[in-house]
Amino acid sequence: MKLYNTLSKKKEEFVPVDEGKVKMYVCGPTVYNFIHIGNARPMIVFDTVRRYFEYKGYDVNYVSNFTDVDDKIIKRAIEEGVTSDEISKRYIAECKKDMEGMNIKPATKHPLATEEIGGMVEMISTLIEKGYAYEKNGTVYFRTRRFEDYGKLSHKNLDDLRSGERSLLVTGEDEKEDPLDFVLWKPKKEGEPSWESPWSDGRPGWHIECSEMSKKYLGEQIDIHAGGEDLIFPHHENEIAQSEAANGKEFSKYWMHNAFLNIDNKKMSKSLGNFRTVREISEQYDLQILRFFMLSAHYRSPLNFSADLMEASKSGLERIVNAADHLKFLMKNAEAENMNEEERRLFVRTDAFVADFERAMEDDFNTADAIAAVFDLVKFTNSNTDADSSKEYLGKLFELLVKLTDVLGLIVDKEEEILAEDIEKLIEERQEARKAKDFARADAIRDELLAKGIILKDTREGVQWKKA
RNA sequence: GGCGCCAUAGCCAAGUGGUAAGGCAGAGGUCUGCAACACCUUCAUCACCAGUUCAAAUCUGGUUGGCGCCUCCA
């Protein structure tokens with residue numbers, strides 16, 4: 001399996017730290033509002049990465065934090081006249097609802113920054129002892145130049161940063177030894193949440209949170225650290241500096257970053273007013289469609305969001321779900337139990353689709369190609385099954401389709417719904433009408449059912465229905 | 001100013017040296033009472049210029065046009 005490592009800027013063969021195990025950390029959202037669809041991209045992408053590792057038989061320890069102490073949370077709390085805690089708890093709950101809708105598996109552990117302060121204080125102390133950090137008036141800074149490898153992830157050198165530093169010397173930052181130094185601990189301001197520390201009552205800097213939580217739940221060295229590409233600098237660069245300086249060993253072997261999601265070819269931003277929350281999308285579309293849409297492009301390419309593209313994704317996903325529905329429908333009515341010779345021969349041909357699917361996923365999680373393999377399987381099942389197919393054959397095809405789509409987090413095995421009796425009766429009545437060639441009545445019933453959200457399909461094998 | 005990315009059909013999107021996957025939309029057809037689903041057929045020489053090579057969408061140089069990071073941001 002190959003994955004692109006931001007550290008080396010190359011695709012590398014994946015070799016786990018511990019055989020058979022994957023330890024991965026994904027930087028989670030700051031919870032000050034509903035998550036937006038940009039937040040959703042890394043969630044969906046790295047959930048899919050996780051699912052593929054699990055499909056391959058790895059034991060995955062997947063940790064993703066919630067940043068629940070932050071300026072934006074505090075600001076929101078003041079606006080609403082409630083505590084920061086109330087804001088963060090509320091939006092963590094909302095975020096989990098959205099994640100469920102997108103079929104994102106809960107992490108093995110979702111640590112909260114506010115519950116890990118003790119460990120952060122300890123890590124900062126270690127950094128001070130080792131000479132990598134210093135305190136000034138209650139604030140603790142990381143001594144950036146002291147860490148030789150600084151810049152190895154973002155491929156910047158300190159002098160380039162120097163020349164671009166222009167605005168770094170604003171407001172009170174002049175007590176730093178060097179403009180490149182960053183904050184590990186800052187004293188509280190009036191009304192802010194705070195914790196005790198040897199330096200001041202205050203709160204941790206953002207970067208140290210992830211270093212500590214990663215260490216606590218996954219250990220000093222992990223396999224994969226992931227997040228949006230905007231986190232490469234400075235967030236991940238600083239995490240590396242902190243963790244490697246404190247622990248004395250390589251932090252993460254592989255660094256994965258997803259590209260941004262734009263809206264109508266523009267970056268999402270508050271000033272443009274084009275922020276779209278996942279919740280908003282869910283009012284209009286099944287979030288499965290959003291997931292399918294996100295996976296239709298490679299995770300390292302920028303992706304554009306628009307209404308048209310969602311419509312196209314809806315049609316595309318429907319094609320896959322229709323195939324699964326049809327297989328289930330045939331299975332229900334199948335007469336023959338076991339596969340015959342012909343079916344056995346046909347089923348062997350599906351190996352090629354599985355091989356294509358895996359080849360795509362093994363090449364740095366090329367989900368667009370993997371989806372193409374799923375479409376090949378869909379066409380195969382549509383073309384090579386009918387009312388005479390055996391239960392076993394249909395079942396195996398169905399099982400395979402579910403297995404592959406499940407890696408992508410797409411649900412095609414919808415729970416069997418039971419129709420109300422009066423609806424069953426209407427469908428029967430319509431069949432009678434059709435037999436009697438009373439098509440006006442038949443169409444009237446079809447329209448009536450459509451109004452109730454039931455779509456009918458008259459297949460050669462009988463009447464199939466689904467919810468709109 | 002520094003670092004970096006991208007440009008494939010109406011739309012989306014794979015493909016990194018051997019002559020263009022897949023999906024959506026469109027057109028024609030089969031099936032069907034009709035519709036829907038499905039199936040068949042059809043729809044590109046890869047921004048532009050120059051070069052390397054027997055061979056380039058794929059490598060090199062340049063041009064044009066987009067974009068990102070360097071500051072909170074997924």
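Just so it is clear: chains get the letters A, B, ... in the order the sequence lines come, proteins before strands, and each one is counted from 1. All heavy atoms count here, side chains included; hydrogens, waters and symmetry mates do not. The structure displayed is predicted, hence computed values, not measured ones.
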*Asks:* When rounded to the nearest Å, what value does the distance between P atoms of B/C6 and B/G62 take?
*Replies:* 16 Å
*Asks:* With rounding to the closest Å, how many angstrom separate the P atoms on B/A21 and B/A9?
*Replies:* 14 Å
*Asks:* Any strand is fair game: report the nucleotide pairing with B/A21 by Watson-Crick or G-U wobble, both distances under 3.5 Å, or none.
*Replies:* none
*Asks:* So which one's nearest nucleotide on RNA chain B is more toward 5', A/Phe380 or A/Lys9?
*Replies:* A/Lys9
*Asks:* Does the gap between the ring centers of A/Phe305 and A/Phe293 come in under 6.0 Å?
*Replies:* yes
*Asks:* With a 3.5 angstrom cut-off on both distances, give the Watson-Crick or G-U wobble partner of B/A14, or none if there isn't one.
*Replies:* none
*Asks:* Quick one: which of A/Asp70, A/Asp68, A/Asp71 gives a salt bridge (Lys or Arg N to Asp or Glu O under 4.0 Å) with A/Arg203?
*Replies:* A/Asp71
*Asks:* Go ahead and name the base partner of B/C34; Watson-Crick or wobble counts if both distances stay under 3.5 Å, otherwise write none.
*Replies:* none
*Asks:* Write down the partner of B/C39 under the Watson-Crick or G-U wobble criteria, each distance required to be under 3.5 Å.
*Replies:* B/G29
*Asks:* Between A/Phe439 and B/G33, do the rings stack, that is, sit under 5.5 Å apart with planes less than 30° off each other?
*Replies:* yes
*Asks:* State the pairing partner of B/G68; accept Watson-Crick or G-U wobble contacts with both distances under 3.5 Å, and report none otherwise.
*Replies:* B/C3
*Asks:* If you look only at pairs with a residue in residues 356-378 of chain A, which of them pass as a salt bridge (Lys or Arg N to Asp or Glu O under 4.0 Å), with sequence neighbours excluded?
*Replies:* A/Lys11-A/Asp363, A/Lys56-A/Glu362, A/Arg300-A/Asp364, A/Asp356-A/Arg359
*Asks:* If I pick the P atom on B/A44 and the same atom on B/C11, what distance separates them, to the nearest angstrom?
*Replies:* 14 Å
*Asks:* Using purine N1 to pyrimidine N3 plus N6-O4 or O6-N4 for Watson-Crick, or N1-O2 and O6-N3 for G-U wobble, both under 3.5 Å, which nucleotide pairs with B/U60?
*Replies:* B/A50
*Asks:* To the nearest angstrom, how far is A/Arg300 atom CZ from B/A74 atom C1'?
*Replies:* 17 Å
*Asks:* Consider the side chain of A/Leu303, meaning its heavy atoms from C-beta on, and name the nucleotide among B/A14, B/C34, B/A13 that approaches it most closely.
*Replies:* B/A13
